[in-house]
Amino acid sequence: MPDAVAGHEALDDINTGASVVAEGEIVASPAPGQETELRVTGIELLGAAPDYPLAKKRHSFEYLRTVAHLRPRTNTFGAIARVRNQVSMSIHHFFQEQGYLYVQTPILTGSDAEGAGQMFQVTTLDLQNLPRDAGPADLTQDFFGGPAFLTVSGQLEAEIMATALSSVYTFGPTFRAENSNTSRHLAEFWMVEPEIAFCDLSGLMDVAESFLKRIFSDVLTYCRDDMDFFDQRIQAGVVDRLQHIIETGFVRLTYTEAIEILERSGRDFEFPVYWGADLQAEHERYLTEEVFRAPVILTDYPASIKAFYMRLNPDGKTVAAMDVLVPGVGEIIGGSQREERYDVLVRRMQEMHIDPQHYWWYLELRKFGSVPHAGFGLGLERTVHFITGMQNIRDVIPFPRTPRNIEF
RNA sequence: UCCGGCGUAGCUCAGUCGGUAGAGCGGGCGGCUGUUAACCGCUUGGUCGCAGGUUCGAGUCCUGCCGCCGGAGCCA
């Protein structure tokens, strides 16, 4: 930089990470690989960056997690933030265009058995000095007069709204206190949960498929540069994979048919395959990655391995549930047609040792003008995980919460 | 939580049979200059995750703990 440039003496303090104001003229560049450049006439150092932890080179994602306050400054995390933004917008656009109502469901809940995993308990009691006489703490003195938790799903409340206002969707944070140490799990993640009035399982599958295709298509259209970046630097083939999914139909298969395929495969699976067993990750991978090489929607699982609120099929053995499985990530959507028949729902709860009294308000939806309805949950981070080809879900959310990790 | 692997310089890693710790990058100094993760020379840089144990001697072997990674379970 010529000495004539105003402020050039600041150059000694301008290194990687510094913030500057540069003035000049945008001109055509003679250099290969870029069309324009800034011919600087003045430069000012706003904030120096001595001992900046991010060198001008490649860093491991593992290291970047230890500097989560700086990693959004890297090219990869910038690209992820833009894709996340686009996916979020596409979710809203898709449902808004079809007349769904965006509703907010509570983050705090008093229901301690929503059945979707371990919950975080919330309290204002002094944990060092709990009110008690020998026995357990007296929770009637707690803020809500009883136990309170962070939600694991907005589904039950969404059903309330959907049976009043027609189709709705929620989009918010969800919390699971499972001690899961994997590349696919977070303790805090964002979930989209549409609840569709007057809808059966077949209609639900149609929504799920067109929903995912819309998200993938928008990302390829509006985040093309970022997707090319992921294709070149993170995982080769992610663009073609999305393109292929958009252009082809999802495979639809019943659980029973899937079991038959697995039994006929001749494969020696670690976990045995038989009707009634829950499908293991190895079984799902075989179906999505080897047999069909495409997203697979599995339906009609045995009632014994699914939640109480899923609608019992006429065969009396299976429920109208569906899982959307994608290659590499596994389950990206889980959903079902809901049991709208009061008597059947009560019987299912009793079979699964769930106290119907705890769900009196949920049951009343079936008592007063019940309608068929269905819904599913889509994990936002699992979706961005799949789209970008990133190896670890902790790297597709700015501030991941996992066991023993909440510093940033 | 279970199984397996790993933890060495600011970062990425090597370290043989147990014998007093090394490279590249980064940082600093100098040179060069149409650069794009520049280049050339010199230089700086260590509680070998923590705590014990075995040994004349431990980065290396053993035990426990902590953390990270991969897989599994749970699930979005």
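In what follows, chains carry the letters A, B, and so on, assigned in the order in which the sequence lines appear, proteins first and then strands, with residues in each chain numbered from 1. Quick note: numbers below take in every heavy atom, side chains included, and nothing from hydrogens, waters or symmetry partners.
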query = When rounded to the nearest Å, what value does the distance between C1' atoms of B/G22 and B/G45 take?
reply = 12 Å
For nucleotides 43-51 of chain B, print each protein N/O atom paired with a nucleotide N/O atom at under 3.5 Å, atom names and distance only.
none

query = In whole Å, what separates the C1' atom of B/G70 from that of B/U60?
reply = 24 Å
inquiry  = Using atom P in both nucleotides, what's the gap between B/U63 and B/C3 to the nearest angstrom?
reply    = 14 Å
request  = Scan A/Leu54 against the nucleic acid and name what it touches under 4.0 Å (heavy atoms): base, sugar-phosphate only, or nothing.
outcome  = nothing
ask   = Do side-chain atoms of A/Arg65 reach the backbone of A/Asp395 as a donor and acceptor pair under 3.5 angstrom?
value = no
Whole-angstrom distance between B/C25 and B/G19, as gauged at atom P = 29 Å
Interface polar pairs with nucleotides 71-73 of chain B, N/O, under 3.5 angstrom:
from	atom 1	to	atom 2	distance (Å)
B/G71	OP2	A/Ser183	OG	3.4
B/A72	OP2	A/Arg184	NH1	3.4
B/G73	OP1	A/Gln280	OE1	2.5
B/G73	OP1	A/Ala281	N	3.3
B/G73	N2	A/Asn179	O	3.4

message = Reading 5' to 3' and counting Watson-Crick or G-U wobble pairs with both distances under 3.5 Å, write the dot-bracket notation for RNA chain B, | for bases paired outside the strand.
response = (((((((..((((.....[..)))).(((((.......))))).....(((((..]....))))))))))))....
Interface polar pairs with nucleotides 7-12 of chain B, N/O, under 3.5 angstrom:
from	atom 1	to	atom 2	distance (Å)
B/C11	O2'	A/Lys57	NZ	3.4
B/C11	O2'	A/His59	ND1	3.3
B/C11	O2	A/Lys57	NZ	2.5
B/U12	OP1	A/Ser60	OG	2.7

message = Can you confirm whether or not the ring centre of A/Tyr102 sits under 6.0 Å from the ring centre of A/Phe171?
response = no
task = Please measure how far the C1' atom in B/G24 lies from the corresponding atom in B/A38, and state the result in whole Å.
result = 16 Å
key: Set of side-chain contact (heavy atoms from CB on, under 4.5 Å) partners for A/Asp278, sequence neighbours left out   = A/Ile305
ask   = Within 45° of the ring axis of A/Phe386 and under 6.0 Å from its six-membered ring centre, is that where the NZ or CZ of A/Arg241 lies?
value = yes
key: Partner residues of A/Asp126 under the side-chain contact (heavy atoms from CB on, under 4.5 Å) criterion, sequence neighbours left out   = A/Gln128, A/Asn129
B/A58 versus B/G49 - spacing of their C1' atoms, nearest Å = 16 Å
query = Using the C1' atom in both, what is the distance from B/G57 to B/G73, to the nearest Å?
reply = 45 Å
message = Contact between A/Phe376 and A/Glu193 at the side-chain level, heavy atoms closer than 4.5 Å - yes or no?
response = no
inquiry  = Work out how far the C1' atom of B/C6 is from that of B/U43, and round it to whole angstrom.
reply    = 32 Å
